[in-house]
Amino acid sequence: MEPEKYEIHFAPLQGYTDWIYRNNFARFFGGVNAYYTPFVRLESGSVFRNRDLRDIAPENNAVPLLIPQILPGNAAEFCELTRRVIERGYTRIDINMGCPFPLIAGKKKGAGMLPYPELVKETLEPLQDFPDIRFSLKMRLGWENVGEVYYLMDLINNLRLEHITLHARIGIQQYKGTPDYESFSRFYHACEHPVFYNGDLKSIEEIDRIFEKYPKLRGVLIGRGLLSSPWMAKDFYKNETKSEIERKKQVYAFHDALLNDYKNYLQGENQLLNKMKTLWDYLLPDTDRKMVKRIRKSTKLVDYCSAVKQILG
């Protein structure tokens with residue numbers, strides 16, 4: 001297999017992969033061809049969340065390629081979100097029709113839109129009104145059953161899209177259970193656009209198996225796998241082998257940079273402490289559970305840093 005034939009993109013995760021995290025990940029680990037922002041959406045009354053606008057602000061982002069992701073619920077929202085992104089100088093936009101969280105899906109957004117072909121069609125129709133923008137689409141196999149995505153196949157194939165990323169689960173599964181490779185394979189063969197695979201890639205061996213199984217993929221989209229093993233993308237391309245001690249030094253430097261950047265951005269020790277704790281929801285999953293518990297129970301920054309130093313120092 002030739003790794004350079006394929007791309008690795010960093011999936012967005014709300015609450016984790018903000019601009020500070022992305023910038024430091026690119027600085028210390030890299031190996032990723034493109035980064036996506038957590039989705040930008042409209043609140044009631046067509047109001048934009050300040051944190052969304054801050055996250056996509058070009059002056060805040062230093063990664064090689066950033067693709068803002070939007071979460072439209074209809075054609076009007078699609079146009080408004082797209083215009084706001086364009087105003088900030090972007091020429092690539094990813095459309096989220098894959099978010100599985102009930103609060104989003106219940107509003108017929110994200111994966112919750114997939115059972116409604118007419119709504120999907122209406123929402124994506126304005127895509128043709130923005131000829132200078134390179135759109136991509138993130139979706140799942142369906143919301144309640146895998147047949148939903150196949151009802152959309154003709155529509156999808158006739159859209160002007162850079163690529164489609166398909167998460168190999170249905171929405172109601174969220175991230176539970178195993179990916180449905182058989183249904184993904186059916187989509188992969190029927191889709192006329194370049195396809196990215198998404199779902200449960202946590203090691204180089206798993207990435208290799210996906211590319212061996214689906215050699216015509218454009219690449220893979222990885223979220224939780226890169227949060228837990230941040231060197232994975234670079235290792236895939238360069239086949240690097242580092243010792244555990246070297247890995248820990250690298251993560252420690254990354255952690256300290258994050259801590260300093262969040263300290264300059266967040267207000268007060270409690271905010272900073274809570275933010276840093278979320279890092280350990282995924283990072284280094286083989287860490288001794290007693291040490292992770294110590295991190296989560298820390299009520300002072302000095303105690304948190306002491307626990308981290310014991311793990312990584």
Side-chain angles (χ1 to χ4, degrees), residues 8-18 21-22 25 32 34-41 67 69-71 94-115 136-149 152 163-188 195-211 213-214 217 219-230 232-233 236 275 277-287 289 292 296:
I8 293 180
H9 290 189
F10 201 150
L13 280 85
Q14 292 280 345
Y16 298 94
T17 60
D18 57 23
Y21 183 95
R22 294 190 302 264
F25 183 97
V32 172
Y35 298 77
Y36 295 78
T37 69
F39 57 71
V40 180
R41 63 185 172 96
I67 304 176
Q69 187 181 85
I70 62 173
L71 182 81
D94 191 56
I95 307 159
N96 185 315
M97 289 190 179
C99 179
F101 297 118
L103 286 175
I104 297 296
K107 298 177 182 178
K108 296 183 181 177
K109 294 184 178 183
M113 186 182 285
L114 298 176
S136 55
L137 180 62
K138 167 74 186 299
M139 58 195 308
R140 287 189 171 228
L141 290 165
W143 173 245
E144 290 188 330
N145 66 79
V146 297
E148 292 166 8
V149 76
L152 299 171
H163 66 260
I164 292 178
T165 300
L166 186 69
H167 186 110
R169 287 184 176 90
I170 56 175
I172 59 173
Q173 283 183 274
Q174 296 194 29
Y175 298 98
K176 298 174 183 176
T178 57
D180 184 346
Y181 297 110
E182 183 178 345
S183 295
F184 178 88
S185 183
R186 182 180 167 193
F187 179 92
Y188 162 82
V195 176
F196 278 72
Y197 172 88
N198 176 231
D200 284 13
L201 294 178
K202 299 175 183 176
S203 69
I204 294 175
E205 292 75 21
E206 289 172 347
I207 299 173
D208 286 338
R209 281 197 292 270
I210 285 294
F211 287 139
K213 189 175 180 67
Y214 309 110
L217 284 173
V220 292
L221 182 76
I222 306 176
R224 292 172 296 164
L226 286 170
L227 288 175
S228 61
S229 302
M232 188 165 59
F236 172 74
K275 184 63 179 178
K277 284 181 181 181
T278 65
L279 194 67
W280 297 92
D281 291 346
Y282 295 104
L283 184 63
L284 306 182
D286 293 331
T287 301
R289 284 187 290 180
V292 175
R296 289 178 176 155

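- The minimum heavy-atom distance between Pro38 and Arg22, with the atom names listed, is CD-NH1, 3.6 Å.
- Note that OG of Ser229 is 8.5 Å distant from CG of Leu283, once rounded to the nearest 0.5 Å.
- Each side chain to side chain donor-acceptor pair (under 3.5 Å) pair with one or both residues in residues 94-109, not counting sequence neighbours, appears once here: Gln69-Asp94, Gln69-Asn96, Glu77-Lys109, Asp94-Ser136.
- Taking the six-membered ring for Trp and thresholds of 30 and 60 degrees, Phe184 and Tyr188 have nearly parallel ring planes, at less than 30 degrees apart.
- Looking at heavy atoms from C-beta onward, Arg296 lies in side-chain contact with Asp281 at the 4.5 angstrom threshold.
- Taking 4.5 Å as the limit, every side-chain heavy atom of Tyr35 sits out of range of all side-chain heavy atoms of Tyr21.
- Using a 4.5 Å cut-off on side-chain heavy atoms (C-beta onward), Asn198 and Pro179 make no contact.
- The distance from the CZ atom of Arg209 to the CD1 atom of Ile204 is 12.0 Å, given to the nearest 0.5 Å.
- Note: Leu226 CG to Leu221 CG = 9.0 Å, rounded to the nearest 0.5 Å.
- Residues Met97 and Leu114 approach most closely at O-CD1, 3.7 Å, considering heavy atoms.
- Here the OG1-CG distance, from Thr17 to Leu227, works out to 7.0 Å after rounding to the nearest 0.5 Å.
- For Ile70 against Phe39, the heavy-atom pair with the smallest separation is C-CB, 4.3 Å.
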side-chain contact (heavy atoms from CB on, under 4.5 Å) between Glu148 and Leu141, worked out: CA-CA 7 Å; Glu148 292 166 8; Leu141 290 165; over 6 Å; no
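- The distance from atom OG1 of Thr165 to atom NE2 of His9, rounded to the nearest 0.5 Å, is 7.5 Å.
- Proximity of a side-chain donor or acceptor of Lys275 to a complementary backbone N or O of Gly15 within less than 3.5 Å is detected.
- Pro100 and Arg140 make their closest contact through CG-NH2, 3.5 Å (heavy atoms, listed as atom of the first residue, atom of the second, distance).
- Under the 30°/60° scheme for interplanar angles, the aromatic rings of His163 and Phe196 are found to be tilted.
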Working for side-chain contact (heavy atoms from CB on, under 4.5 Å), residues Tyr214 and Val195: CA-CA 10 Å; Tyr214 309 110; Val195 176; over 6 Å; no
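- With a 4.5 Å cut-off on side-chain heavy atoms, Ile207 and Met232 count as touching.
- The nearest pair of heavy atoms linking Thr178 to Gln173 is O-NE2, 3.8 Å.
- Each of Phe25, Tyr16, Tyr36 was checked for a ring pair (Phe, Tyr, Trp, His ring centres under 6.0 Å) with Phe10, and the lone residue meeting it is Phe25.
- Between Ile170 and Asn145 the shortest heavy-atom distance is CG2-C, 3.8 Å.
- To the nearest 0.5 Å, the span separating CZ on Arg224 from NZ on Lys202 amounts to 5.5 Å.
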